[in-house]
Amino acid sequence: MECAVDAQSLISISLMKIHNSRTQRGGIKLHKNLLVSYVLRNARQVYIKEKYAEIYRMQQYEEVMTVCNEIQELNPLDPEPEDAEEEDLEVAALSCCAPLQDGGGKEPETSFYRSCCMETPGSPCDPFAGNGSHCNKTTVLDLDTHVVTTVENRYLHQDCCCSAPQCAPVPDSPVRKRKGDFGCCASDLEEVSDFSASRKRVRREECTDPNYTDTSNISNLISIFGSGFSGLLSRQADLEQICSKQALASLGAWTRAIVAF
Amino acid sequence: LAAWCFSQVKGAIDEDVAEADIISTVEFNYSGELLATGDKGGRVVIFQHEQESKNRPHLRGEYNVYSTFQSHEPEFDYLKSLEIEEKINKIRWLPQQNAAHFLLSTNDKTIKLWKISERDKRAEGYNLKDEDGRLRDPFRITSLRVPVLMPMDLMVEASPRRIFANAHTYHINSISVNSDHETYLSADDLRINLWHLEITDRSFNIVDIKPANMEELTEVITAAECHPHQCNVFVYSSSKGTIRLCDMRAAALCDRHSKFFEEPEDPSSRSFFSEIISSISDVKFSHSGRYMMTRDYLSVKVWDLNMENRPVETYQVHEYLRSKLCSLYENDCIFDKFECCWNGSDSAIMTGSYNNFFRMFDRNTRRDITLEASRESSKPRATLKPRKVSTGGKRKKDEISVDSLDFNKKILHTAWHPKENVIAVAATNNLYIFQDKIN
């Protein structure tokens, strides 16, 4: 297998191909899309393996950060402007994950396709599982920036703009539906803190954009799903067992588009 | 393998290629007298072999345009908001039974039976109309005469005799005339239908691999062909690199195969693209009916119908592309569907590649040759020089490096005359005809 660095671009390229196939003359080509979904599955397997390796390495770092979090979280509702931004971030993160926790895998208003990587509690990447809820991982791809981001357990993963301290876990509560743009760079850990400030500003702008409609979200943000066709999962390695049925149900959105002709 | 020389090239020389002119299928008829091409614009052009001239018997005759007609037009499916391309996917000739010629042509959705007939006489001396066709004033007709057939300039007419429509939900990839000359099959991604040539309003579905839940789809049908002699037998290939042989006598629905041909995958060569390159793009029975040949992205395989667990012969077409699969995936070339064909005696096989190269393999001597269809080597009766792609570090003189191959120049469609060493090679919008060196 080629190295994981290619996996991310392969995922991006593959999703672009699927996206473009909808507007191709002559209708969606079932054969080609099926083959592309195989590449997607293969790339995703490699990508996940790489991420797990990274997560395992990161675990040590996160344990240190946990201590720092607990110190910082003494006053989460501080009315300073900087914290207001943090709230926006939290809400945005919540809105991304809330539909998943509703257990539907359906997309009411947050209109990006998602796949949920359900992990068993107590896994290495779930240090904050307080109330026994599962650690949910969502991988999303922004078609504009071609960047893959992983969102974990209602706060953003370390490869996202937001570093752990700002994204404390918040109990379930009705949240504003935000159309968050998670198109941040898969940056190295060292750069996380540098990015966070500028990214926060970006997020505020995009979230308040009145023109940010559902349809544009669908075209701009497509998440990586468990596989193109759930039948492919029968050949999965151990890692794939973490993919939940919810993820498979969420495939329906685009596979139905292919079927419907 | 004989030495091959250039015979003719058909098509525009212009560097700017119109998409509609791109040839999408090439097929000789049973005698080799006629050669048909279909293009992306939905047109069919038929060439006819002219008799060798008596004073130059050492030269074979040339192929010249015999008939041109618009077979399919673009359509719009209003129910699904889909445009249906007019591109001709396949042409298959029917065996000749009278003076007229019949062929089947298909696009993604509709198959048509065309009759191509010659008219070299015209009736003259009608009573009710004059020579212009205008009706005569009945009061002026004072005598009766019998119309007489008079010779006229040869006219070749093509008329659609049957239209087989609305039987395929998915894109048709193959048609194949049965050896009974009465039925034929058509295959799309998920289904195969059996038709009677006389009946257009119904067909029998004989294979259906559509899963109950489309999300469980793992493979599609990529090609299908009737056995050349046994009218109850046909094969179909899949995107997973397998071939199923079915017997229509066994059951009405041939979902259960009689034979299943699959070569186990080599786990050491696994890559992101393993599934794509194992997808079979073409399957062809040998003329004898004892073997069949399959084409996947990098190789051609010959199978003995009596041995299901592996092919008897495997030929590498362009193995040097294996390390380039990622870029070929990016530019979509990895999805190119190459065809393959047998020569008349089944001793050699041919298939296309990139850079306008095409490859021939001699099954007996195991020798292979790479030739190029290009304007530069298109001098009358000029012998084609074998080409070589350099795979190692050092590039020898006259060799071409993999990186300088032109992947836009692809030879997907080739055809071999059923009796003679004459081949037709489609290079984008040009049709090259080569023949072996006589004497």
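Letters A, B, ... mirror the listed sequences (proteins, then strands); counts begin at 1.
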Query raised in the report: Passes side-chain contact (heavy atoms from CB on, under 4.5 Å), Leu10(A) versus Cys326(B)? Steps please.
Result: CA-CA 8 Å; Leu10(A) 272 182; Cys326(B) 199; 4.2 Å; yes

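With a 4.5 Å cut-off on non-hydrogen atoms, Leu190(B) touches chain A through its side chain but not through its backbone. Thr222(B) touches chain A through its side chain: at least one heavy atom from C-beta onward sits under 4.5 Å away, while N, CA, C and O do not. Looking at Ser239(B), both its backbone and its side chain come within 4.5 Å of chain A, counting heavy atoms on both sides. Interface remark: Asp188(B) contributes no atoms to any contact with chain A (heavy atom separation under 4.5 Å).
Of all heavy-atom pairs spanning Ala43(A) and Phe272(B), the tightest one is CA-CE2, 3.3 Å. The shortest non-hydrogen separation linking Ser279(B) to His31(A) is OG-NE2, 3.0 Å.
A cation-pi contact, defined as under 6.0 Å to the ring centre and within 45° of the axis, links Lys17(A) to Tyr329(B).
Note that CZ of Arg25(A) is 12.0 Å distant from CG of Leu82(B), once rounded to the nearest 0.5 Å. Interatomic distance, OG1 of Thr169(B) versus CG of Leu30(A), reported as 11.0 Å (0.5 Å rounding). Annotation: the span from Ile28(A) atom CD1 to His171(B) atom NE2 amounts to 9.0 Å, rounded to 0.5 Å. Distance NZ/Lys32(A) to CG/Asp189(B): 13.5 Å, rounded to 0.5 Å. Within the model, atoms CD1 of Ile13(A) and CG of Asn331(B) stand 10.0 Å from one another, a figure rounded to the nearest 0.5 Å. Taking CD of Glu275(B) as the start and CG of Leu34(A) as the end, the distance is 9.5 Å to the nearest 0.5 Å.
Counted within 6.0 Å of OH on Tyr78(B), heavy atoms from surrounding residues, nucleotides or ligands total 12 or fewer; the atom is thus considered open. Remark: Asp208(B) CG is packed, more than 12 non-hydrogen atoms of other residues, nucleotides or ligands lying under 6.0 Å away.
Residues passing the salt bridge (Lys or Arg N to Asp or Glu O under 4.0 Å) test with Glu262(B): none are found, sequence neighbours excluded. The salt bridge (Lys or Arg N to Asp or Glu O under 4.0 Å) check on Asp403(B) picks up Lys324(B), with sequence neighbours excluded.
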